[in-house]
Number of protein chains: 2
Amino acid sequence: MVQVVVEASRRRAIEDVASDLFRKHGYAATSIRDIAGALSMQGPSLYAHVSSKEDVLWAIVDRAAGRFENAAQLAEERADERHAGDPVEAIAALVRAHVGVVTGDVGEASVFVHEWRALGDDRRAAVLDRRDAYEARFRRRVTDGIAIGVFGITDPAIAATVILSALNGVASWYDPNGRLAAERVADHLVGLTLRMLSSE
Amino acid sequence: MVQVVVEASRRRAIEDVASDLFRKHGYAATSIRDIAGALSMQGPSLYAHVSSKEDVLWAIVDRAAGRFENAAQLAEERADERHAGDPVEAIAALVRAHVGVVTGDVGEASVFVHEWRALGDDRRAAVLDRRDAYEARFRRRVTDGIAIGVFGITDPAIAATVILSALNGVASWYDPNGRLAAERVADHLVGLTLRMLSSE
DNA sequence: CCTCCTAACGAACGATCGTTAGGCAGAAGA
DNA sequence: TCTTCTGCCTAACGATCGTTCGTTAGGAGG
């Protein structure tokens, strides 16, 4: 059921287990002792590896954010190399990259999407900024496509938000052992997204 | 900022305040004393009106579920009256109904979408069943549209899930005092949805 | 053998959690 | 005026929370 991995470090194992529990029950409803229990340890023993509970959440959210950012950056660069300035290809690449990150680690992605609210004020604000910058990648490409007439919609802000809602939703229903492989899920979402934007 | 309403009953006021706090901080992170404090009461005083914390959550979720179900039922009936069996009109009506419920009470809708996981096993299972029955309304209409060739997509299950992800996302970004009135938001989402499904 | 390090342990702290119990002020009805 | 009910209060319960602390078992290096 759950993939067994040789953990690179104890710290990383803690974050992986925490991702899973945070996704299933939420940050607030998951106790330090729950996380420790899943690793056959006592609660306080975690503090040899971690400085606070929020610290664990932050590590997960920060890493997930970085994964989304890197994947999107790479996707845009490659799309521009091969189809310079083509908004359709750029959006397709962004969607595929996003779905890839989500399906690559559903737990981490879910936590990033839903649990960042539990962070303290400064970190929450930082995450909000990064989310907006990330969404702006999509918004910009949609705007480009409208400008050259390949997209038939009128409001790029709403379109970008709707697209990202749909993409983030994948984290809630994708099952690595389910009917559809990750690549097929990405195919479907690219198709639906482009169809939604297309001019006819 | 927050609309001031003459509350029908103390019980209802508690649920409204709880909706708001659950939406902002989540069920687990909201204490009975937080809810009471927002009503200028002491925590234990709530138990004169409410039998448990989960009871409050359940009341909110159950009412929200009922609102979605009633709105969808009415929308489908009206669509079938006027455009019997037209999947395009039916989907448009379902989308408009869903957005209407969400924008009508963002707090309640958010709690319904995100916090049902915090319910006990029986109630959570019941909500899951109702969610699936609700999603099936969309899935069925999408399937109908594919069958008669007005929709050009291939996987009705994914399409229905993606649509609902996007619609539920509205609860996360819609602002009653924002740039777009609820009706305009509904217009955009109907347009985007139909475009996403359409055969060309 | 001694020392140091790692990784965990169990006890315990203060705070907060949901919840129960009992009391008190004021309005309502006899 | 006396009683009853309503709505809220304070005190307090046991449980659990995140976290700190001192300690211990075991292995590595000298």
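Residue numbering restarts at 1 for every chain, and letters A, B, ... go by the order of the sequence lines. A quick note: this is a predicted structure, and the numbers were derived from the prediction, not measured.
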Exercise for review: Find the distance B:L46:CG to C:dC17:P and express it as a whole number of Å.
Suggested key: 13 Å
Review point. Between C:dA7 and A:S45, is there an OP1 or OP2 to side-chain N/O distance shorter than 4.0 Å?
Key: no
Exercise for review: Verify the contact: side-chain N or O of B:Q42 to OP1 or OP2 of D:dC8, cut-off strictly under 4.0 Å; return yes or no.
Suggested key: no
Review point. With B:R140, which residues qualify under side chain to side chain donor-acceptor pair (under 3.5 Å), at least two apart?
Key: none
Point to revise | Partners meeting side chain to side chain donor-acceptor pair (under 3.5 Å) with B:E69 (sequence neighbours left out) | key: B:R130
**Study point:** Contacts of type side-chain contact (heavy atoms from CB on, under 4.5 Å), residue B:D55, not counting sequence neighbours
**Key:** B:R11, B:S51, B:S52, B:R123
Point to revise | B:R195 side chain vs A:S198 backbone, donor-acceptor pair below 3.5 Å | key: yes
Check your understanding: Listed by chain and number, what are the side chain to side chain donor-acceptor pair (under 3.5 Å) partners of A:R124, not counting sequence neighbours?
Key -> A:D121
Practice item. State plainly whether the residues A:R141 and A:D80 are in salt-bridge range, i.e. N to O under 4.0 Å. Key: yes
Review point. Side chain to side chain donor-acceptor pair (under 3.5 Å): which pairs involve residues 155-169 of chain A, sequence neighbours left out?
Key: A:H98-A:N168, A:E135-A:T161, A:D155-B:R179
Practice item. Whole angstrom is fine here: how far is it from OH in B:Y47 over to P in C:dC17? Key: 11 Å
Would you list the atom pairs, donor with acceptor, under 3.5 Å between side chains in residues 83-97 of chain A and any protein atom, with sequence neighbours excluded?
| residue | atom | partner | partner atom | Å |
| --- | --- | --- | --- | --- |
| A:D86 | OD1 | A:V88 | N | 2.9 |
| A:R96 | NH1 | A:D187 | OD1 | 2.9 |
| A:R96 | NH2 | A:D187 | OD1 | 3.3 |

Revision key, fill the gap. Bend of the helix from C:dC1-D:dG30 to C:dA30-D:dT1 from end-axis comparison, five pairs per end, nearest 10°, comes to 10°
**Study point:** Nearest-angstrom distance from the residue atom CG of B:L21 to P of C:dC17
**Key:** 13 Å
Exercise for review: Name the closest nucleotide to the B:M41 side chain, picking from D:dC9, C:dG10, C:dC9.
Suggested key: D:dC9
Check your understanding: What pairs with B:R82 under side chain to side chain donor-acceptor pair (under 3.5 Å), at least two apart in sequence or on another chain?
Key -> none
Exercise for review: Starting from P on C:dA7, measure out to CD1 on A:I14 and report it in whole angstrom.
Suggested key: 11 Å
Point to revise | Residues that B:T30 engages under side-chain contact (heavy atoms from CB on, under 4.5 Å), provided they are two or more places apart | key: B:L21, B:F22, B:H25, B:D34, B:I35
Point to revise | Residue pairs involving residues 146-188 of chain B (criterion ring pair (Phe, Tyr, Trp, His ring centres under 6.0 Å); sequence neighbours excluded) | key: none
Check your understanding: For DNA chain C, what residues of residues 49-62 of chain B have any heavy atom nearer than 4.0 Å?
Key -> B:S52, B:K53
Check your understanding: Which of residues 29-39 of chain B have a heavy atom under 4.0 Å from DNA chain D?
Key -> B:R33
